[in-house]
Amino acid sequence: MDKTGSFKIKGVLKSLRVRFFVIVFLTGLISCLVMHSVILDSYENRAVNVKSTEAQTQLRILANHLIVSNYLQDTSSEVINAELDMLANLYDGRVIVINDDLKVVKDTYNISQGKTIISEEVVNCLKTGSKGTVSKYDQANGYIEIVTPIIESEVIEEEDVSVSGKVSEVVRGVLLTSVSTETIAVTLDILSRRAQILEILIILIILLFAAWVSIMLLRPFDRITTAINDVKAGYTDEPIVGPNYLETEQIINAFNALLRRMKVLDDSRQEFVSNVSHELKTPITSMKVLADSLLAQEDVPNEVYREFMTDIGAEIDREDKIINDLLALVKMDKKAAGLTITSVDVVNLTEVVLKRMRPIARKHNIELTLESKRAITAEIDEVKISLVIMNLVENAIKYNKDEGWVRVELDADHQYFYVKVIDSGYGIPEDSLEQIYERFYRVDKSRSREIGGTGLGLAIARNAVLMHRGTIDVKSVVDEGTTFTVKLPLRNG
Ligand SMILES: Nc1ncnc2c1ncn2[C@@H]1O[C@H](COP(=O)(O)OP(=O)(O)O)[C@@H](O)[C@H]1O
Ligand SMILES: [Mg+2]
């Protein structure tokens with residue numbers, strides 16, 4: 001599993017690297033191509049527009065000349081003919097003059113003279129009397145077609161006063177011109193070729209850059225992978241140290257934190273196992289010693305025999321208690337899912353627990369009282385919470401002076417209820433307060449053993465409280481007494 005695991009991570013890194021490379025490369029390539037086509041397109045549009053506007057201006061001037069020299073009726077004017085030829089030459093194109101009968105009066109190519117033109121634009125221009133020029137760019141054939149109306153302005157002389165004196169404009173004919181865009185195409189061609197060379201260069205640079213980025217950016221992950229694999233394989237459980245790349249610092253930190261936590265868990269598991277074996281062994285060793293010493297003596301008096309057997313019975317009880325506590329603890333470790341929540345009268349529950357503890361309290365002449373400020377109903381696991389109260393009260397009685405007292409106080413607000421167990425006992429030294437919840441921890445081993453403790457009671461209590469999302473706190477003064485406060489939410493689940 002280790003081998004395939006590490007292989008997989010390496011594989012993932014490799015495919016990540018390839019993906020990274022492809023993404024960077026494609027992004028570069030696409031933006032390059034888009035830029036190319038956008039720039040060339042906008043150059044072409046602009047060039048065509050400029051050319052077309054320029055030609056239109058000249059054509060309008062020419063159209064005026066045609067009217068002034070009455071060219072539509074008489075095409076013999078040398079000046080106008082020269083002007084027409086010059087314009088045609090200038091734009092490397094063709095100029096056709098058409099009169100209002102759609103007849104061609106002049107063609108600079110000298111091909112269509114006398115023919116009738118029925119091009120849609122021309123007909124439109126004449127029929128609607130449209131005064132504006134129309135231009136159309138034919139990219140495939142490389143020319144701009146411009147239709148310019150030849151307009152005559154005359155002053156209206158009529159009897160109708162509202163119309164008389166005004167200038168009317170009449171379309172007398174049309175100039176149909178095609179302007180070659182070859183120069184634009186040539187420029188475009190040169191530009192495009194230069195852009196291509198540039199693009200190849202840029203693509204090469206992007207290629208190198210993408211490769212560099214994908215290698216450099218993922219290099220830190222290689223180191224982590226190697227380090228993680230080493231830990232996984234069990235060579236080491238040392239934290240990863242390495243050059244602190246910004247990208248991986250957090251991963252390394254998280255991994256090291258995980259490693260620390262694992263170590264703590266592992267240590268506590270080992271300690272637990274060794275504690276359990278030790279605790280379980282102690283009563284057995286005692287029993288073995290008792291039994292052996294009985295066997296070693298001949299003719300044992302009946303009283304001695306009874307005494308030893310009583311001791312053996314006590315050790316068996318102790319073993320039984322440890323096993324029961326261990327089972328309770330193990331069950332408790334199975335997370336909050338294991339709670340059986342019901343609505344419980346907490347005051348009543350506490351009373352029941354105290355009733356069970358009274359005989360032990362009486363044995364030590366300890367006064368056991370309950371003070372509850374109000375009725376409390378909470379959604380809790382009844383069995384586990386009574387285990388909590390029982391363990392706290394049991395401790396308060398056990399670690400108390402004779403003639404001492406134990407007071408249990410109950411209270412609640414709108415969110416939580418509180419169980420306080422206050423005693424007049426030995427107290428717990430300050431440096432032990434942190435550890436009393438640890439499994440098998442006892443402040444005074446010999447005394448606790450004498451009293452019959454397993455060191456599991458508070459561990460069980462704390463687990464049960466945590467399962468309910470509650471807290472447990474302790475305050476203690478040596479030789480004066482101890483107060484345990486449990487705070488539990490009224491509603492669970
Ligand atoms: N009310 C208390 N007063 C004094 N010491 C206490 C009290 N409660 C717990 N302790 C100390 O904490 C240790 C752990 O308690 P616990 O987990 O219940 O184990 P035990 O089985 O020994 O009672 C006890 O051994 C005892 O030293
Ligand atoms: Mg206890």
Kindly compute the distance separating [atom1] ([X]) from [atom2] ([Y]), expressed to the nearest 0.5 Å.
X	Y	atom1	atom2	result
N49	E44	CG	CD	11.0 Å
M357	T350	CE	OG1	13.0 Å
Q58	T177	CD	OG1	11.0 Å
Q139	L188	CD	CG	8.5 Å
L354	I397	CG	CD1	8.0 Å
T310	E315	OG1	CD	12.0 Å

With a cut-off of 6.0 Å (strictly less than), are more than 12 heavy atoms of other residues, nucleotides or ligands near [atom1] of [X]?
X	atom1	result
K420	NZ	no
R374	CZ	yes
F272	CZ	yes
E182	CD	no
Q270	CD	yes
K131	NZ	yes

Would you give me the side-chain donor-acceptor pairs under 3.5 Å for residues 474-487, sequence neighbours excluded?
unit_1: S476; atom_1: OG; unit_2: I428; atom_2: N; d: 2.7
unit_1: S476; atom_1: OG; unit_2: G481; atom_2: O; d: 3.3
unit_1: S476; atom_1: OG; unit_2: T482; atom_2: OG1; d: 3.0

Are [X] and [Y] close enough for a salt bridge, meaning some N to O gap below 4.0 Å?
X	Y	value
K321	D317	no
E279	R442	yes
R407	E409	yes
K263	D266	no

Looking only at side chains, do [X] and [Y] share a donor and an acceptor under 3.5 Å apart?
X	Y	value
N253	N256	no
S52	Q56	yes
Y137	N45	no
S424	N400	yes
Y441	S432	yes

With a 4.5 Å heavy-atom cut-off, do [X] and [Y] have their side chains touching?
X	Y	answer
R194	L198	no
T377	V344	no
K51	I144	yes
D411	F417	no
V406	T369	no
V276	I322	no
F308	S293	yes
L410	Y418	no

Give a yes or no answer on whether the side chain of [X] reaches the backbone of [Y] with a donor-acceptor pair at less than 3.5 Å.
X	Y	result
D320	I316	no
E438	E434	no
H364	K401	no

Practice task
Step by step, work out the side chain to side chain contact (heavy atoms under 4.5 Å, CB included) result for T133 and V147.
Solution key: CA-CA 6 Å; T133 28; V147 178; over 6 Å; no

Locate the shortest heavy-atom distance separating [X] from [Y]; write the atom from each residue and the value.
X	Y	answer
V465	I472	CG1-N, 4.2 Å
V48	I184	N-CD1, 3.7 Å
V347	A375	CG2-CA, 4.4 Å
G425	D423	N-OD1, 2.8 Å
H414	R491	O-NH2, 3.2 Å
I436	L433	CG1-O, 3.3 Å

Practice task
Apply the test side chain to side chain contact (heavy atoms under 4.5 Å, CB included) to residues V383 and T340: give CA-CA distance (whole Å), side-chain angles for both, the deciding distance (0.1 Å), then the verdict.
Solution key: CA-CA 9 Å; V383 177; T340 318; over 6 Å; no

Sequence neighbours left out, cut at 3.5 Å: what donor-acceptor pairs do the side chains of residues 16-36 make with other protein atoms?
unit_1: R17; atom_1: NE; unit_2: S214; atom_2: O; d: 3.4
unit_1: R17; atom_1: NH2; unit_2: D222; atom_2: OD2; d: 3.3
unit_1: R19; atom_1: NH2; unit_2: S15; atom_2: OG; d: 3.3
unit_1: T27; atom_1: OG1; unit_2: I23; atom_2: O; d: 2.5
unit_1: S31; atom_1: OG; unit_2: T27; atom_2: O; d: 2.8
unit_1: S31; atom_1: OG; unit_2: G28; atom_2: O; d: 3.0
unit_1: H36; atom_1: ND1; unit_2: E199; atom_2: OE1; d: 3.4
unit_1: H36; atom_1: ND1; unit_2: E199; atom_2: OE2; d: 2.1

Handout entry: Test log, rule side chain to side chain contact (heavy atoms under 4.5 Å, CB included), inputs L387 and N391
Key = CA-CA 6 Å; L387 216 53; N391 269 302; 4.2 Å; yes

Practice task
List the steps and the verdict of side chain to side chain contact (heavy atoms under 4.5 Å, CB included) for I366 and E403.
Solution key: CA-CA 5 Å; I366 287 167; E403 317 283 329; over 6 Å; no

